[in-house]
Every structure is written in C-alpha cells, then in structure tokens.
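Quick notes on the structure that follows.
Within every chain, numbering begins at 1; the chains are lettered A, B, ... in the order of the sequence lines, protein sequences first and strands thereafter.
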Amino acid sequence: MSNLDDSKSLADLVSQNKKSKVRKVILSDSDDDLPLAMINTQASETSLSSEDEKAKQVKKRTKKESGGLPNKKAKTAVSKTEPKTKVKKETTKTAVKAVKAIKATKATKATKPTVKAAKHIQKIKDESKEQTAEPKDTSEEKEEEEENRWWEDEDMNGEIKWDSLVHNGVIFPPPYEPLPSNVKLIYDGKPVTLPIEAEEVAGFFGAMLETDHAKNPVFQKNFFHDFLKVLEEAGGCKDADIKDFDLCDFSDMYAYFEKKREEKKSISPAEKKLIKKEKDEAEEKFKTCYLNGRKEPVGNFRIEPPGLFRGRGAHPKTGKLKKRVMPEEIVLNLSADAPVPPPPEGRNWAEVRHDNKVAWLAMWRENISNSVKYVRFGNSSSLKGISDFKKFEKARELKNHVAAIRADYNKKLKSELMLERQMAVATYLIDVFALRAGGEKSDEEADTVGCCSLRFEHVFLKPPNVVVFDFLGKDSIRFYQEVEVDKQVFKNLKIFKKPPKQPGHDLFDRLDPSILNKHFQNYMPGLTAKVFRTYNASKTMQDQLDLIPNEGTVNEKVVRFNAANREVAILCNHQRTVSKNHETGVAKMNDKIKEMIWQRIRAKKMLLKLDAKLKKKDPAYFQEIDDLSKEDEGALQKQFLERETERITKKFAKDNEKLKLENEAVLPESELKERLEKVKELQKEFSKELSSGKPEVKANMTVEKLQALIEKLNVRITNATLQLKDKEDNSSVALGTSKMNYIDPRLTVMFSKKYDVPIEKLFTKTLREKFKWAIESADANWRF
DNA sequence: TCCACGACTTAGGACGCTTGAT
DNA sequence: ATCAAGCGTCCTAAGTCGTGGA
C-alpha cells in the first residue's frame, strides 16, 4: 500500500464522530470469542493516538507491540530457544547427509578447482596473446570432459561463489538506424523532420502503434513526455512546434516497420539459416565463460536494447523511455588476473570488479526505476544448479517441520496477541493457498499485493466460513478464489476487517514479510514464505503422480503427467492470457465435432438403407439419427458447403498467386466456376437428402465399409472431444512456470523412469540441461 | 537499528519455428 | 505439400529476501 493512501484514509478515520463510534463498535461487538485483553489493546491504541501519530501508526505498530508486551514476548522467545537450536542441528545434519548420499552414489574425481583455474587463466592469456581465441578441437573435447558435475562432489556451502571467473563481456545492441527520408512523423497533418535522437524514440512508439500498449493513455502520456524531453535536448523540431500528442500521426512509421517485418519474414529459409549461423558465430564467445576453469553458459549476455518500458498491469511508468545503455555504465565482474574484455572502440567500462561473493558477470543501472540489471550465468550453469538443488532440499526439509508448524498456527489462531493471530492467519494463507509473502510496494509501481499486503477490499467474507479472495498478484495476475476456510481463520479475518478498518487498510497491519520470515526461522533455519510455495507445489506433484496408474501408452501417461502438472499450476495461480483466437479455435473445433457426428449419422442412415433390419438389432446405435432435427441438419449442410466453397476459392487464389510469381499465365475465372461445380452438385444432393431424409448410397458401398467408416469417425470424435476439453482446461493455465521453478525436477525424472516415459516427453532440451543434476541423480523410487 | 538497495528467483508475453492435421 | 496451432526459447519485468551502511 502506498504511504499516501494510507495516511489519507487514516486522517479521514480520525474525524471526531467516527472515532467515538468506532470505539463503541469494537467494544460492543462480541459475537466472536475475541479475548478481552486483545479488544482492550486494540481499542486503546485507537483512542490514544493523536492525529499526527495516526498517520504513522501502521508502521509503528510492530514496535508498540514488542515494547508494550515485554513479558509475553520474552516468554515466547525463551520457550522457542530450546527447540530452535535442536532443529538447527538436526537439519544441518540431514542436509549434509543428503549431499553425502548423492556423493556416495557416484565415483569422485576432478582436480582442485583453484589450481585448475589458475592454469586455465594462464592458458587463456596465452591464447589471447596469440590472437587465436578459437579453441582447438582437442581442447574443446577436454572441456566437455571437464564439465562440472557438482552434484557428485562439489562442496556447496560457503558464501564464495567462485575461485576464478573469466568471460568476454557483453554484446551491445546495434546502433540506431535512421529512417529513410520518406518516412516521417506527421504532425498536425504535415510531415516533420526530427533530430535523430527524437526520431528513434518516435519510432519506438510507431512500431508499437497497433499494440494494446500504444492505446493505453498512461503509456501515451509517459512516452510523449519522454519524447518531448529528448526532442528538446536535441534542439527541437525545426518544422513544427510539437506539443500535442493527439496531433502526432505515427502511421507512416508503423507502415515502414511493418514492411520491414514482412521483408524479414519472407526471406528464404536457407538464407535465414545462414544469417542465424553467422550471428551465432559472432556471438559464440559471449555465450560461455570460464568458472573455476570450467566452461559454463552465460545467460543474458546481450545488453537490453533501448525502447519504451512495457510495464505490466496498471504500471504508472509504462511507456517511459528505456535509455540506451552505454559501456560507461557497465560494471564488469571477473577474476583479478583475468584479461579484461575490451570495451567498444574508444569507449570505457564504468568499473571492473573482482567480487567472488556474487554470481554475476556484468551489471548496469536501468533508468526506469533505478534498479540494477545483471548479466548472469545460464540456467544450466553449476551455480544456478546448486542453488536450485539447495532450494528443493530446503523445501524437502520443510516436510519434517510442516506438521508442527500447522499445529502451531492452528493453536495460535486463538492467541491473545494480535500479532500472533495475524501471523497464524498469514501462515495459514501462505500454506493453504500458496500466497506469496507480499512486500510493501511504492506508488511508482503497479498496485499488486501478496499475503502481508492484502487489504480490506481484497477479502470478502461470506458466513459461515467462505472467503472470496480477489486481488491482483505478481505481474497483475488476478487471484480470484471463493473458498471455505477454517472457522477460526474466518473469525480472525472478520476481526482483521473490523472497523475502524476500511477499504485501503492493510488486513495484516502488524505484519510484513520480514517479521513473518523471522518467525519462520524459529521453526526451521532458512524457512521463508516462498519455501511454502515450493514445498506445497512439489508435495502436490508427488501426491498427484502417486495417483497415476502405471499403464497405457506413453502419450496417455504424458497427458496424465500434464494433468498433475496442471494441479500444481492452479495451486500457484500460474495463468496465461487466453489467446486472441482461443474463442474462435474452440468454436471451430466444436463445429468440426458436430460435423463429424453428422457424417456419422449419414453413414448410419446409409447403413439402414442397405440393411433396414439393423435398426431392430441395436436401436441405441441408431438413436442419434432421430436426435438430429431437420433444421440442424440443414444448418450443418450449409456450413459444410460454405467451408468447401471457401476452401476452393482460397486454393484458386493461391494457385494464381503462385503462377503470377513464376510469371506464368493466370487461371481464368471460368476455372474457378468449374471447380465450384462440385459444390453445387453436393448442394443438390444435400437438399434432396434433406427432404427425403435419406442419403444416397454409392453403388460400391457395403455394410462393412460403412461400419469401418463409422468406427473411424468414432475414434476421431472421441479424440477431438478430448482435445477440446484439454484446450479449454489449459486455455488460461500456464504449466511451464511450475515445471521450471516449483516442481522438484527429480519428481519428473522419477516419473520418467518409473513409468518408462522418455524424459524428452517431459522436459524440453533447455530444461534437460537445466535439470541435468536431477536427471542423473534420481531413480524410479525417488520421493520428494 | 532499520530500510533502501543489491542480488537473486520467479513470471508472463512476444515471437519464431516445429509439428501434426488435412 | 501446406499451413495454422502450439511449442520452445528469448526477453525482461516483477517478485522475494538478506544485509550493509547511514
């Protein structure tokens, strides 16, 4: 919540009449079992505060709580101390055991990284001196051999991230290419020439003209503001005094960029391949780096190009100009004795750093929110792998504590301390509904929330115990759930919403993620809110996989795996926007299914024409014939004929285009007419069929042939129906995020091995690389 | 002591390419 | 062979969380 809103609403709240009412309400409202002690604390806090203090009240509450109740606090702290240390010892032991167990399964090898690294740097230096940076075949093979199999023997503790780091720096986006002189911004009806710096910015907008962004007023405003600034700094526009966005016409620019896009798309595949190959070769040396002497992938080695900031949701800064990043703004991080990659000709790096406690190769500060962007290791790098492994091990460790944690928060739902109750409810929500921690956000960002930042208006209570959550979470993705909750949770939420709370106020006014996480440390070292998401996601996956019978085809098993994956994605609220053509796609599939059913009915009619006795034998089989009304049949016929006409016309147009391209004579219109004759014949046949109710049967048709046809249609109909259901179910759920970040990959590997499904069906190439450690260390019996 | 900020993970959309239906 | 649908990858925004410096 923004401070501004907060103080405003709190100030409102203080207006005299309200204040006394508020107090009365609190004191008289005793329909729940709220202990008196708590009521008093709450009431006195409210009435004691002066107006000025009120504005700061929310922030200070935590302090008051600890200061005001020293005894209770101390007591809790003491009682926690003993189990805490015990827990710590135990978990460290398990973690070590886990690592050792993995180590034990594989033979160890590898020379000491430091020694190897030193040697390697020397080698690199020699190579760069000789200017033959390309590694020879033999050395490349050797690198392959020396790939870091950290999961077998690496010591993964300690804060040092690397002993040596050698890399080639970053790739800068190409410089701005000015527009051709006939492509101009039209201002107030006249083409105007812009200084090149301003033209670039205008072009950013022009290229996006048809996107939703460009139609967003905030985006327009921010863009135009920054555009005018650039324009002014570049000396202004000599042809016009540009100051009104509505007088700007970017359509020429848009058309130009569209044309370029088309051109790019239409180059031949062979040429495309060649271009790609050349690009790959030029970028080759940036794609990898040497970490402790071993070749490792670099992730985003390309510096982000300038453009207009595409903030998500209602981002107040969306549309602002993202400036071009200069070498002078870039800090490199590598070994002290590693060669420094040369900056672009005549330019300099901001700084060259040698910090081995961090896992980034370069960084710069972006100008939208003044935060830092990093060039980091690739997802399949050892460092990323190690932290992934640690993440999942931590989540697995939670298994051993979750029962105690749940017991504890269930108990504390009735605590006499407001803080404890809030923590208990928050923990419940994080555990049960997989909410994120929910840190405070400034009003320079989109208004999104997580658990701790939930506000009054995000939670609706429907007695006796139904809660409707409706808020925007990360990436402004809507979280909407109508759920039954624990009775005590419901009561507590009601208390948290009690006046003087009103829309705009924090539900958990005593909490923020750091308080909550500090509390979590008492249960288990390293436990934070996000661990619950990982734990519950992987636990859900394990449970879902346990339900899958080991039978059927590989594809059937994959479908079931994806269904399990989908459960996890739903738990985590991972959504994707329903694609623009989803609706039409579904309608098309429905039409197709209806049409296939119609074809089946026709076949069955033909069957009866050949042998009328069949109906007596199996009336149910022929039932659907009577289910189809004449109107429906007519509609289907029409639909079918229209589609045929369209198909033929399109084909004709296409054929002609091809002929034109090859400089050959175009087919005459009469040809099209001739081709469409078929449709006309069909139409005649259909109308006859419609009135008689009986289709014509071709002379060579037999009962067997028709039955085979019907069987084929049956299969196609079932498949299409299943496919449609899958499409509907999946239309707004994104499976990838949970597969990539939440589901312990060893579960997927276990499934692959136990159910004999090739891992390629479950992990894409990149995921196989990212999760190599899991693929090589989990077996068919592995459990989360 | 605290909170702004640095460093890291998690996230959905854009876009090009593959694939599978016809 | 064709072509759209959907998949995979890239891109970078948007979270979480711990800590270093005022």
Whole Å only: how far is the [atom1] atom of [X] from the [atom2] atom of [N]?
X: A/Asn730; N: C/dA5; atom1: CG; atom2: P; value: 17 Å
X: A/Phe532; N: B/dT9; atom1: CZ; atom2: C1'; value: 18 Å
X: A/Lys474; N: C/dA14; atom1: NZ; atom2: C1'; value: 5 Å

**Report entry** Residue mapping more 5' on DNA chain C - nearest nucleotide basis, A/Lys322 or A/Arg576
**Finding:** A/Arg576
Report summary line: When A/Ile303 and A/Leu767 are each assigned the nearest nucleotide of DNA chain C, the 5'-most assignment goes to A/Leu767
Quick one: is [X] getting a side-chain N or O under 4.0 Å of the [N] phosphate, OP1 or OP2?
X: A/His574; N: B/dA11; value: yes
X: A/Arg365; N: B/dG6; value: yes
X: A/Arg436; N: B/dA11; value: yes
X: A/Thr528; N: C/dC17; value: yes
X: A/Tyr742; N: B/dT9; value: no
X: A/Thr448; N: C/dA14; value: no
X: A/Lys530; N: B/dT10; value: yes
X: A/Asn300; N: C/dC11; value: no
X: A/Ser514; N: B/dC3; value: no

Which nucleotide, [options], lies nearest any side-chain atom of [X]?
X: A/Lys391; options: C/dA13, C/dC17, B/dT9; result: B/dT9
X: A/Lys373; options: C/dT12, C/dC17, B/dC8; result: C/dT12
X: A/Asn741; options: C/dC11, C/dA14, B/dT10; result: B/dT10

Query raised in the report: Counting heavy atoms not belonging to A/Arg365, are there more than 12 under 6.0 Å from its CZ?
Result: yes
Requested in this report: Using the six-membered ring wherever Trp is involved, compare the ring planes of A/Phe286 and A/Phe301 and label them parallel, tilted or perpendicular (cut-offs 30° and 60°).
Outcome: parallel
Query raised in the report: Taking it one step at a time, do A/Glu258 and A/Arg261 satisfy salt bridge (Lys or Arg N to Asp or Glu O under 4.0 Å)?
Result: CA-CA 5 Å; A/Glu258 274 299 287; A/Arg261 268 164 46 101; 3.1 Å; yes
Query - Aromatic contact, A/Phe433 with A/Phe479 (centres under 6.0 Å) - result: no
**Report entry** A/Thr553 versus A/Asn555, side-chain donor and acceptor atoms under 3.5 Å
**Finding:** no
Requested in this report: Classify the nucleic acid contact of A/Gly736 as base, sugar-phosphate or nothing, counting any heavy atom under 4.0 Å across all strands shown.
Outcome: nothing
